[in-house]
Amino acid sequence: MRLTDYFLPTLRENPKEAEIVSHTLMLRAGMVRQETAGIYSWLPLGFNVMKKIEQIVREEQNRAGFVEILMPTIQPADLWKSSGRYEDYGKEMLRIRDRHDREMLYGPTNEEMITEISKMGVRSYRDLPTRLYHIQWKFRDEVRPRFGVMRGREFLMKDAYSIDIDKEAARRSYYRQFIAYLRTFERMGLKAIPMAADSGPIGGDMSHEFVILADTGESAVFCDRDLVDMPVPADDIGYDDDLEAVAAAWTSKYAATDEKHDEAKFVADVPEERRVSARGIEVGHIFYFGTKYSDAMGASVQNADGKATPFEMGSYGIGVSRLVAGIIEANHDEAGIIWPESVAPFHVGLINLKVGDSETDEACNAFYQNLENAGVDVLYDDTDERAGGKFKNMDLIGLPWQLIVGPRGIKSGEVEVKNRASGERFNLSPDAALNMLTSRK
RNA sequence: CGGGGCAUGGCGCAGUCUGGUAGCGCACCUGGUUUGGGACCAGGGGGUCGUAAGUUCGAAUCUUACUGCCCCGACCA
């Protein structure tokens with residue numbers, strides 16, 4: 001992509017409404033624009049990153065044996081009346097009426113709908129397990145939206161739902177998601193720690209929040225250092241294996257958010273040198289809720305004995321749009337964002353230091369073509385900005401690699417490759433630079 | 001939902017107390033000099049001063065109501 005063809009409205013100064021660093025940087029890097037409190041337009045750079053995150057989530061859900069569907073944003077109120085939640089949900093639910101004065105709502109979640117869909121499709125225990133997910137916009141009318149897309153009212157979320165015949169089977173579905181989450185966040189360059197969470201109406205041990213560590217995190221978290229460096233299962237993990245045993249490496253170690261933190265247990269269970277007190281951001285939540293909705297909505301199947309058995313259900317959420325901000329919170333410096341390669345909007349920022357200088361233009365065009373041909377996403381700054389501005393901008397938007405080409409270097413047969421994360425610079429011949437950047441892909 | 005603050009050009013702000021017909025920095029446009037980490041000079045364009053009503057010869061400024069946004073708290077992926 002040539003910058004002259006792109007839409008990248010970067011800001012030089014910090015917008016005053018932004019309180020946390022990810023919000024400031026997303027506004028400054030031209031990733032989003034606020035339309036009203038907690039509701040944002042996604043501009044090209046932000047949208048690009050969000051799609052990359054979404055795709056990683058999708059791939060790992062598929063790998064874990066969940067099947068993608070798409071449910072609507074607008075739901076009929078009757079559906080929610082059938083579970084009793086229409087009255088319970090309160091003002092966070094955005095309630096609307098259509099032209100026939102029918103009560104509708106902008107969905108804050110989809111348990112009721114998935115239960116109805118499953119009732120229609122599941123007739124026998126032989127049809128189970130049913131494991132579905134979708135990635136869709138949701139709306140929760142937060143009293144006080146803040147922190148940009150970190151806590152907006154409209155947000156993109158992956159939510160998955162499992163339906164099993166009994167609790168043992170439900171456990172297996174639950175741990176599929178547990179492992180999928182470890183892999184998903186790892187692929188985005190995040191350290192996500194599963195932490196025991198309140199498990200809603202059922203209780204028990206089947207609810208975990210996945211929290212990423214970031215200095216600017218919203219809540220205090222406490223965990224065993226072993227969890228931070230625990231190697232995540234590889235992509236050949238067998239999802240039909242006993243994943244609860246695999247997950248035990250995580251669930252057996254101490255980890256808690258401040259609400260659930262038990263200092264005495266922390267001190268007793270974790271040797272002092274391994275105690276981590278940090279800040280965290282919740283990016284995922286998985287839980288088993290048993291028959292809460294299936295009971296209320298009469299969703300059952302016949303078991304092998306011919307007896308009606310209510311669905312055993314779990315739901316599993318990942319805040320996709322929130323992750324965009326979460327990743328920035330975990331990956332930035334004074335100059336701007338530092339994208340992990342897997343979610344970077346482009347891999348290489350090609351900087352032409354002197355547009356109009358024929359040798360420099362020629363060299364840049366060649367790089368641009370060759371990198372594109374090699375399948376490397378390039379953002380080519382072909383504007384006639386001054387060099388200083390280009391450097392600042394490129395650091396701000398945080399592409400992993402910068403390829404800096406100017407007349408001075410061309411004369412001595414060199415270009416500069418800069419790694420955004422480490423700050424390392426390499427003066428290389430054009431061929432060596434091209435080789436370095438294409439071999440990474 | 002309680003408490004507080006703010007609303008003036010694309011962004012950040014001054015002007016409001018003490019009413020007199022709108023200004024600064026950045027950004028933008030033109031010309032020139034520059035050019036490897038946010039240059040300089042000269043010229044220029046752009047604002048129903050959140051909305052509505054009121055007071056006044058005259059309102060960004062005073063009064064009232066409303067709306068929006070931000071912050072703290074309670075709440076939350």
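It should be emphasised that the depicted structure is a prediction, and the values quoted were computed from it without experimental measurement. Each chain gets a letter, A, B and so on, in the order the sequences are listed, and its residues count up from 1.
Between A:Arg144 and the phosphate of B:C71, there is a side-chain N or O to OP1/OP2 separation shorter than 4.0 Å. Note on A:Arg12: a side-chain N or O is less than 4.0 Å away from OP1 or OP2 of B:A27.
Comparing B:C66 with B:U56, their C1' atoms are spaced 23 Å from each other, to the whole Å. Comparing B:G44 with B:U61, their C1' atoms are spaced 30 Å from each other, to the whole Å. Separating the P atom of B:G20 from that of B:G36 is a span of 47 Å, rounded to the nearest Å. B:G4 and B:C76 have their P atoms separated by 25 Å, with the value rounded to a whole Å. A distance of about 29 Å separates the C1' atoms of B:G38 and B:A22, rounded to the whole Å. B:G9 and B:G50 have their P atoms separated by 8 Å, with the value rounded to a whole Å. Across the P atoms, B:G32 and B:C13 are found 36 Å apart, a figure rounded to whole Å.
Listed nucleotides: B:C71, B:A77, B:C70. Nearest to the side chain of A:Gln34: B:C70. Here B:G36 is the nucleotide among B:C69, B:G36, B:C75 with the atom lying nearest to any side-chain atom of A:Leu353. Distance from the side chain of A:Ala387 is smallest for B:G36 among the nucleotides B:G36, B:G38, B:A74. Of the candidate nucleotides B:C71, B:A77, B:G38, B:G38 has the atom nearest to the side chain of A:Arg28.
For A:Asp333 and A:Arg420, the salt-bridge test passes: some basic side-chain N is under 4.0 Å from an acidic carboxylate O.
A:Glu385 comes within 4.0 angstrom of a base, heavy atoms only. At a threshold of 4.0 angstrom between heavy atoms, the contacts of A:Glu282 are confined to the sugar-phosphate backbone, with no base atom among them. Counting any heavy atom pair closer than 4.0 Å across all strands shown, A:Arg425 reaches a base atom. Using a 4.0 Å heavy-atom criterion, one finds that A:Pro9 contacts no nucleic acid atom at all. When heavy atoms are screened at a 4.0 angstrom cut-off, A:Gly317 is found touching no nucleic acid atom at all. Using a 4.0 Å heavy-atom distance criterion, A:Thr109 is classed as making no nucleic acid contact. Residue contacts for A:Gly152: at a heavy-atom cut-off of 4.0 Å it reaches a base atom on one of the strands shown. In this structure, A:Lys16 reaches the sugar-phosphate backbone alone: every heavy-atom distance under 4.0 Å involves primed, P, OP1 or OP2 atoms, never a base. Residue contacts for A:Glu17: at a heavy-atom cut-off of 4.0 Å it reaches the sugar-phosphate backbone alone, with no base atom in range. Residue contacts for A:Gly388: at a heavy-atom cut-off of 4.0 Å it reaches the sugar-phosphate backbone alone, with no base atom in range. Residue contacts for A:Gly284: at a heavy-atom cut-off of 4.0 Å it reaches no nucleic acid atom on any strand shown.
The partner of B:G73 is B:C1, judged by Watson-Crick or G-U wobble contacts that both fall below 3.5 Å. When both distances must be under 3.5 Å, the Watson-Crick or G-U wobble mate of B:U21 does not exist. In this structure B:C28 sits in a base pair with B:G44, meeting the Watson-Crick or G-U test at under 3.5 Å. Judged by Watson-Crick or G-U wobble contacts below 3.5 Å, the nucleotide B:G9 has no partner. Pair assignment for B:G50 gives B:C66, based on Watson-Crick or G-U wobble hydrogen-bonding distances that are each under 3.5 Å. Across all strands shown, B:G58 remains unpaired; no Watson-Crick or G-U wobble contact has both distances below 3.5 Å. Across all strands shown, B:G36 forms no Watson-Crick or G-U wobble pair with both key distances under 3.5 Å.
Here A:Phe155 packs flat against the base of B:A77; its ring centre is closer than 5.5 angstrom to the base's six-membered ring, tilted by less than 30 degrees.
Under the ring pair (Phe, Tyr, Trp, His ring centres under 6.0 Å) test applied with A:Phe210, the options A:Tyr181, A:Trp250, A:Phe287, A:Tyr316 reduce to a single match, A:Tyr181. Of the options A:Tyr380, A:Tyr6, A:Trp401, A:Tyr368, a ring pair (Phe, Tyr, Trp, His ring centres under 6.0 Å) to A:Phe346 is made by A:Tyr6 and by none of the others.
Here A:Trp80 and A:Tyr89 bring their ring centres to under 6.0 angstrom of each other.
Scanning residues 415-424 of chain A for heavy-atom distances under 4.0 Å to RNA chain B yields A:Glu416, A:Lys418. Near RNA chain B, meaning a heavy atom under 4.0 Å away, the residues from residues 79-93 of chain A are A:Lys91.
Side chain to side chain, A:Ser219 and A:Asp258 fail the donor-acceptor criterion of an N or O pair below 3.5 Å. Using modelled atom types, one finds a donor on one side chain and an acceptor on the other under 3.5 Å when comparing A:Gln402 with A:Asp395. Counting only N and O atoms by type, the side chains of A:Tyr288 and A:Arg171 include no donor and acceptor under 3.5 Å apart.
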